[in-house]
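Here is the naming used below: chain letters follow the sequence lines, and residue numbers restart at 1 for every chain.
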2 protein chains.
Amino acid sequence: MIDKLDYVLALAREKHFGRAAEACGVTQPTLSAGVKQLEEQMGVLLVNRGSRFQGFTPEGQRVLDWARRIVGDTRAMREEINSLRHGLSGRLRIAAIPTALAMVAALTTPYRERHPNVQFTIYSRTSIEILDLLENLEIDAGITYLGNEPLGRVNAVPLYSERYRLLTSADAPLGNRDSVTWAEVAQVPLCLLTPDMQNRRIIDRLLKGAGGESRPTLESDSMILLFSHVRTGRWASVMPAKLAETLGLTDTLRAIPIVQPEAVQAIGLVVPAREPMMQITAALVEEAKRAAPMLEG
Amino acid sequence: MIDKLDYVLALAREKHFGRAAEACGVTQPTLSAGVKQLEEQMGVLLVNRGSRFQGFTPEGQRVLDWARRIVGDTRAMREEINSLRHGLSGRLRIAAIPTALAMVAALTTPYRERHPNVQFTIYSRTSIEILDLLENLEIDAGITYLGNEPLGRVNAVPLYSERYRLLTSADAPLGNRDSVTWAEVAQVPLCLLTPDMQNRRIIDRLLKGAGGESRPTLESDSMILLFSHVRTGRWASVMPAKLAETLGLTDTLRAIPIVQPEAVQAIGLVVPAREPMMQITAALVEEAKRAAPMLEG
DNA sequence: TTCGTCGATAGAGAATGTCTATTGACCGAT
DNA sequence: ATCGGTCAATAGACATTCTCTATCGACGAA
């Protein structure tokens, strides 16, 4: 029964019987049969079919919601019982927005001190994808924006505030300034994240608010790529202060505070609103609460 | 898997492999094998055995908690999907303390108006048993004392306040009074519920508080039995006002307010603290909220 | 029309589940 | 100490379910 609910979850993710089956480690006919059996038990069609997957029926949607709960609780149970025997162990799956990647180490490092048997998998994802992954039980926690777009059924722990800096070489225009305005930044050719990233949308909004427009010379979904360009001295970018510091500033590479307005975005740890939490997740929340004052300071 | 968790729940209730198996509709070896398989999957013993059932291990306790959740959610899912097709239907299982039995009709009657396809099963139980049944998913809702003894993981909706009356014939000692004190009541030979009932414990406490002692002439676990004795005119009892009214007063049978102190006990509907609720249960909560003002008035 | 993709179906074999019958351990009473 | 009685575990047979491979039929794009 729980396997079948798992099939439904996979189907919701993959929107494709074959791929969903593969994700579950079974063949496509097995998954088809599983879903069908669930439909017979419920006495109602769950999936709209027409020689291909066409989404869930309303009943299917409700089953999907329940399946997330039930499957999630089942995993949490296994994890908890396992922890009682072997201490905290297993794999903790985290996804973070690119601009927050650099500070993940501030959580994982002390976590590992305390619980050396836990392994980590960390994904770089957009804020939207993170919520989706959380919803579908594909990750245990996310690190993302808290303030802007609606979060789902999750609990959040604030970690730090993202403040923006113009990252540019000292000898570029504006390079000698102690602060610049968004209006001024709008005049500079920038390297920015792609528009599917919330960071980019936030910066776009700030530029537009200052009467400018966002026409980045270069877009990428990788902060490393952006930074390496800026480092040549020929490009500029807008980055959170924390990230710029982590990546490393030099005499010639400066991170200049951007004012008018002095924008702040709250970033935090986000975990499924399950009660009780998986222990492996609860430990991460603890770590986040411990780390937050340091990061903010 | 969910079947196996169900076995564990039954075992917790029955504390006996054979009876638990019967409750699940399987044979004892089947249930034994199911529990054993669960233990193998978890990699840990769940049940302490020594040629008979000796309770759960600490891990077993945790699995039990999770099992309640998971099995409960699974049933709620089935119920919800069923409701989407056939409207609200199925069987609503309620347990009430004996002194509240008379007012259950105030909930079930309007409920049935709105949802004619729902069937009811109503048990008369002690307040402690009610919490146990709720915990073990054997009932969907309880009607019991809210104030006194600790409730578990439940949500409560207040329904009315229990106020105490001396039920006695008009020509008995005290029979002509407009009010009596607990100290006076303590002098009368009473018919009371058995001491496993919270109502009895409350009355005992009140009698003792007034310097008296509780030495009932007759004890029973049935309010009907108590009332029928009082009705002969030869016995007296202490009953909640509401109940006395429902059972019917006559010229010769009086319900005299008891004062010093004028004791009040809150009675309410109690449902599992599950989010979301089973629809069948949510509808009962609605009914309770609707009925509460009338009952209190 | 044809080809490729997708999901359903058929049928065989494997794995699980469930039953009856029995055993072995323990407990209490003679 | 022995004898019954109760309880849960085990053995072995049978039934059900699960999962696989192979294939089909429907649909959509070229």
Side-chain angles (χ1 to χ4, degrees), chain A residues 1-61 63-64 67 70-71 74 77-78, chain B residues 1-61 63-64 67 70-71 74-75 77-78 136:
Chain A
M1 170 93 206
I2 288 179
D3 315 334
K4 317 298 169 60
L5 293 177
D6 221 347
Y7 294 170
V8 172
L9 289 188
L11 194 51
R13 289 200 293 275
E14 306 287 350
K15 305 184 198 324
H16 185 288
F17 278 72
R19 285 196 298 278
E22 192 183 10
C24 293
V26 298
T27 58
Q28 171 263 315
T30 300
L31 188 131
S32 279
V35 173
K36 185 172 182 182
Q37 193 200 352
L38 216 48
E39 288 177 325
E40 276 162 11
Q41 281 184 28
M42 297 288 175
V44 104
L45 283 181
L46 303 177
V47 177
N48 288 320
R49 300 151 157 101
S51 107
R52 45 192 68 208
F53 177 81
Q54 290 181 315
F56 291 90
T57 63
E59 292 86 356
Q61 278 292 346
V63 168
L64 188 54
I70 294 169
V71 172
T74 307
M77 174 177 69
R78 297 197 123 89
Chain B
M1 170 90 205
I2 288 179
D3 314 334
K4 317 298 169 60
L5 293 177
D6 222 346
Y7 294 170
V8 172
L9 290 188
L11 194 50
R13 289 200 292 275
E14 306 287 350
K15 305 183 196 327
H16 184 287
F17 279 71
R19 285 196 298 276
E22 192 183 10
C24 294
V26 297
T27 59
Q28 171 263 317
T30 299
L31 189 132
S32 279
V35 173
K36 186 173 182 182
Q37 193 200 349
L38 215 49
E39 288 177 326
E40 276 162 12
Q41 281 184 27
M42 297 288 175
V44 100
L45 283 181
L46 302 178
V47 176
N48 288 319
R49 299 148 157 106
S51 106
R52 49 191 67 207
F53 178 81
Q54 290 181 316
F56 290 90
T57 63
E59 292 86 356
Q61 279 291 345
V63 168
L64 188 54
I70 294 169
V71 172
T74 306
R75 292 194 194 157
M77 173 176 70
R78 296 197 125 90
N136 287 302

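- Regarding A/L31, its CG atom lies at a distance of 15 Å from the P atom of D/dT21, rounded to whole Å.
- Atom CG of A/L38 and atom C1' of D/dC18 are 15 Å apart (whole Å).
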Show me the protein contacts with nucleotides 18-25 of chain C, counting only N or O atoms at under 3.5 Å.
| from | atom 1 | to | atom 2 | distance (Å) |
| --- | --- | --- | --- | --- |
| C/dT18 | OP2 | B/Y7 | OH | 3.4 |
| C/dC19 | OP2 | B/T27 | N | 2.9 |
| C/dC19 | OP2 | B/T27 | OG1 | 2.8 |
| C/dC19 | OP2 | B/T30 | OG1 | 2.6 |

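- Residues of residues 41-48 of chain B that place a heavy atom closer than 4.0 Å to DNA chain C do not occur.
- Scored by the salt bridge (Lys or Arg N to Asp or Glu O under 4.0 Å) test, B/R78 finds no partners at all (sequence neighbours excluded).
- Sorted by first and then second residue, the pairs that involve residues 46-61 of chain B and meet salt bridge (charged side-chain N to carboxylate O under 4.0 Å, His left out), not counting sequence neighbours, are B/E39-B/R49.
- Atoms CZ (A/R19) and P (C/dT5) sit 12 Å apart, rounded to a whole Å.
- Residues satisfying the side chain to side chain donor-acceptor pair (under 3.5 Å) criterion with B/Q28, sequence neighbours excluded, are B/S32.
- B/R49 places its CZ atom 8 Å from the C1' atom of D/dA8, with the value rounded to the nearest Å.
- Taking every side-chain heavy atom of A/H16 into account, C/dC6 is the closest of C/dA8, D/dA8, C/dC6.
- The backbone N or O of B/I70 lies less than 3.5 Å from a partner atom in the side chain of B/T74, making a donor-acceptor pair.
- Taking atom CD on B/E22 and atom P on D/dC7, their separation rounds to 12 Å, with Å as the unit.
- A sub-4.0 Å separation between OP1 or OP2 of C/dG7 and a side-chain N or O of A/K36 is absent.
- To the nearest angstrom, C1' of C/dC6 lies 15 Å from CD of A/E14.
- For A/Q61, the side chain to side chain contact (heavy atoms under 4.5 Å, CB included) test picks out A/F56, A/L64, with sequence neighbours left out.
- Note: CD (B/E40) to C1' (D/dA9) measures 13 Å, nearest angstrom.
- One atom, CE of A/M1, and another, P of D/dT17, lie 15 Å apart when rounded to the nearest Å.
- Note on A/S32: a side-chain N or O is less than 4.0 Å away from OP1 or OP2 of C/dA8.
- Contact annotation: B/Q54 does not reach the phosphate of D/dA8 (side-chain N/O to OP1 or OP2, under 4.0 Å).
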